[in-house]
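Data block below; observations after.
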Protein chains: 2
Amino acid sequence: MSGNVSTPGASVVSRVLAVLYAFDNGHRRLGVTDLARRADLPVPTVYRLLRELVAGEALTRDADGRYAIGRRLWDVGMLAPEQTELQQVASPFLSDIHAATRATVHLAVRDGREVLYLDRLSGRASVPVVSRAGSRLPLHATGVGKVLLAHAPAELQDDYLAAELRRPTVHTITRPDRLRRQLAAVRREGCATTEDEMTLGACSIAVPITRAAAPGGDSEVVAALGIVVPTLKRERTRLLTALQVAARGIGRSMP
Amino acid sequence: MSGNVSTPGASVVSRVLAVLYAFDNGHRRLGVTDLARRADLPVPTVYRLLRELVAGEALTRDADGRYAIGRRLWDVGMLAPEQTELQQVASPFLSDIHAATRATVHLAVRDGREVLYLDRLSGRASVPVVSRAGSRLPLHATGVGKVLLAHAPAELQDDYLAAELRRPTVHTITRPDRLRRQLAAVRREGCATTEDEMTLGACSIAVPITRAAAPGGDSEVVAALGIVVPTLKRERTRLLTALQVAARGIGRSMP
DNA sequence: GCATACCTTTCACTCAGTGAAAGACCACTC
DNA sequence: GAGTGGTCTTTCACTGAGTGAAAGGTATGC
């Protein structure tokens, strides 16, 4: 599967997946040609696959001939245990935080070198936030990202800091030494903050969710919980307390 | 695709989908043999498909050899426009209701003859509720279900009422004539209620979400918004008001 | 030790899948 | 209204990917 999907010898399965993976946040509805280009496959091949996927209700086809992910694939996705089990346990705690603070609340995990947002509760009148469930952002520019990076394996941290870091705003911290010091502080203090680092006008604060350790075993950071608000600072302790209470509760509730 | 998946002549695509669709709420982790049985396919065939699906990160395989839906399929599912666009628009309104009432809030659509739950916000200390995002329940036993059934095409209503109706509790209303009168009342009054009809000890109230009509065009019920609480009655008006405000907001916010 | 129930591999057959090429169908432009 | 560039759809002869019965492993339990 590491090889090119288009090379002869690639299986139908890999081609199907290539077609499905051709959809993304910015491209939820695509025509045959676009899909073929993105999946790097001949048009007729994609055309045939699409017909079968639509027949199998995995995709839908709208009036103008474009394709989109269908209800049954949504169903299937909702069964992914790694994402949904955590999300289900955390859900009532997110509600509590949201009710207490009226801020945007995030539940996120690390997926490789990115933050993957599992859930979000947003107020109507809050800051415009980029993330939604299923979206990804760089690890170094968000509160939850810093928490997850700080508790990632040391080698991944080194790798990450050695690479070029994206710079969504002028306040994004990209200098490796400064970021490294921040990560140490995150581990020491048990929380991470950002100010205008991902979106101008938005600040965030985040804490790790730690899976309750087996007696004697190591506890493990499995996710992060964060809040995004327009202005921070004076409310810091109140927000942090709400987060920590919830994070502890989620950690304890996990199987 | 209407034909049997196992019959010779069925495509690889249909077999892949049969394997994926073999997972469900009660069976999120399955072994090769189980999957083969559920997908009605020979074991080696499924085995080969699974290997490729795991290689393509569509599925994961845990230590004991069982398979589950993987992160990338979750990602793909989150791109289904029909589910997630509505869910995204509605999300802040659900939060508002939840914050105002501290009750469990549901967003649901009709999928054929079932309620499909798109989102749920639940308090920690509330009634045990069966539904979660992605789960399905019968149309006649829940508040949101009655709303969606009441606004479904007349022929579907007739069909539905003619068939045998499931009976999750002793309070479930299954007599066609009584249910038909209730549906008329739902349309007339703009809300539906249940008492112990799906789960003993749980009551619900729900309203339709109507897509803002094009000038002169018909408005259309696209979803339902509901609340589940332990005891109802005296709070009825307060809950109903919260729901209606939100439903109107969602309807107006939709593209 | 045998039995049961899985998971995994082999292998010869063959039909499902392939993709270049051509055809149909737009929606514009000049 | 002929021409053009862009889609989507169909055809068709070739061939190797996919098939599944059967056999080989492996891990249980009794």
Side-chain angles (χ1 to χ4, degrees), chain A residues 1-24 26-70 81, chain B residues 1-24 26-70 81:
Chain A
M1 196 76 37
S2 50
N4 196 329
V5 186
S6 69
T7 50
S11 64
V12 180
V13 177
S14 67
R15 284 174 227 246
V16 167
L17 294 180
V19 169
L20 295 184
Y21 296 164
F23 293 94
D24 66 30
H27 304 83
R28 294 174 165 227
R29 297 163 194 273
L30 292 166
V32 189
T33 316
D34 282 338
L35 279 166
R37 192 170 16 244
R38 300 179 125 249
D40 192 22
L41 289 169
V43 175
T45 301
V46 173
Y47 179 74
R48 256 178 285 118
L49 292 178
L50 289 173
R51 219 177 12 192
E52 297 201 74
L53 288 168
V54 171
E57 294 175 83
L59 302 183
T60 60
R61 182 174 190 196
D62 42 12
D64 59 347
R66 294 208 312 218
Y67 297 83
I69 304 297
Chain B
M1 197 76 38
S2 50
N4 195 329
V5 186
S6 70
T7 49
S11 64
V12 179
V13 177
S14 68
R15 283 175 229 245
V16 167
L17 293 181
V19 169
L20 296 183
Y21 297 164
F23 294 93
D24 66 32
H27 303 83
R28 293 175 165 229
R29 297 163 194 275
L30 292 166
V32 189
T33 316
D34 281 337
L35 279 166
R37 193 169 17 244
R38 299 179 128 251
D40 193 21
L41 289 168
V43 174
T45 300
V46 172
Y47 179 74
R48 257 179 284 119
L49 293 177
L50 289 172
R51 217 176 16 191
E52 297 201 76
L53 288 167
V54 170
E57 293 174 84
L59 302 183
T60 60
R61 185 178 187 190
D62 43 12
D64 60 346
R66 295 207 313 217
Y67 297 83
I69 303 298

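dG18(D) atom C1' lies 15 Å from atom CG of Leu50(B), rounded to whole Å. Between the CG atom of Asp64(A) and the C1' atom of dA27(C) there is a distance of 14 Å, given to the nearest Å. Remark: C1' of dT9(D) and CG of Leu35(A) are 15 Å apart, rounded to the nearest angstrom. Summarising the geometry, the separation between CZ on Arg15(A) and P on dA16(C) is reported as 17 Å, rounded to the nearest angstrom. One can place CZ of Arg66(B) at 14 Å from P of dT8(C), the figure rounded to the nearest angstrom.
Residue Tyr47(A) is the one, among Leu49(B) and Tyr47(A), whose nearest nucleotide of DNA chain D lies closer to the 5' end (criterion: closest heavy atom). Comparing Val32(A) and Val12(A) by the nucleotide of DNA chain D that holds the closest heavy atom to each, the one mapping nearer the 5' end is Val32(A).
With dT8(C), dG19(C), dC7(C) as the choices, the nucleotide that has an atom nearest any side-chain atom of Thr45(A) turns out to be dG19(C). Distance from the side chain of Glu52(B) is smallest to dG18(D) among dT8(C), dT9(D), dG18(D). Minimum atom distance to the side chain of Arg37(A) is reached by dT7(D), of the listed dG20(D), dT10(D), dT7(D). Picking from dT9(C), dT9(D), dG19(C) the nucleotide with the shortest atom distance to the side chain of Arg51(B) gives dT9(C).
At a threshold of 4.0 Å, the pair Asp24(B)-Arg38(B) counts as salt-bridged, since one of the basic side-chain nitrogens sits closer than that to a carboxylate oxygen.
Exactly one of Thr33(B), Asp40(B), Leu35(B), Leu30(B) qualifies for a side-chain contact (heavy atoms from CB on, under 4.5 Å) with Val46(B). That residue is Leu35(B).
The shortest distance between the side-chain N/O atoms of Arg61(A) and the OP1/OP2 oxygens of dC8(D) is not below 4.0 Å. Within the 4.0 Å cut-off from OP1 or OP2 of dT18(C), at least one side-chain nitrogen or oxygen of Arg48(A) is found.
Rounding to the nearest 0.5 angstrom, the gap separating the CG atom in Leu49(A) from the CZ atom in Arg15(A) is 8.0 Å.
Although no hydrogens or angles enter the test, the distance criterion places a donor-acceptor pair under 3.5 Å between the side chain of Tyr21(A) and the main chain of Gly56(B).
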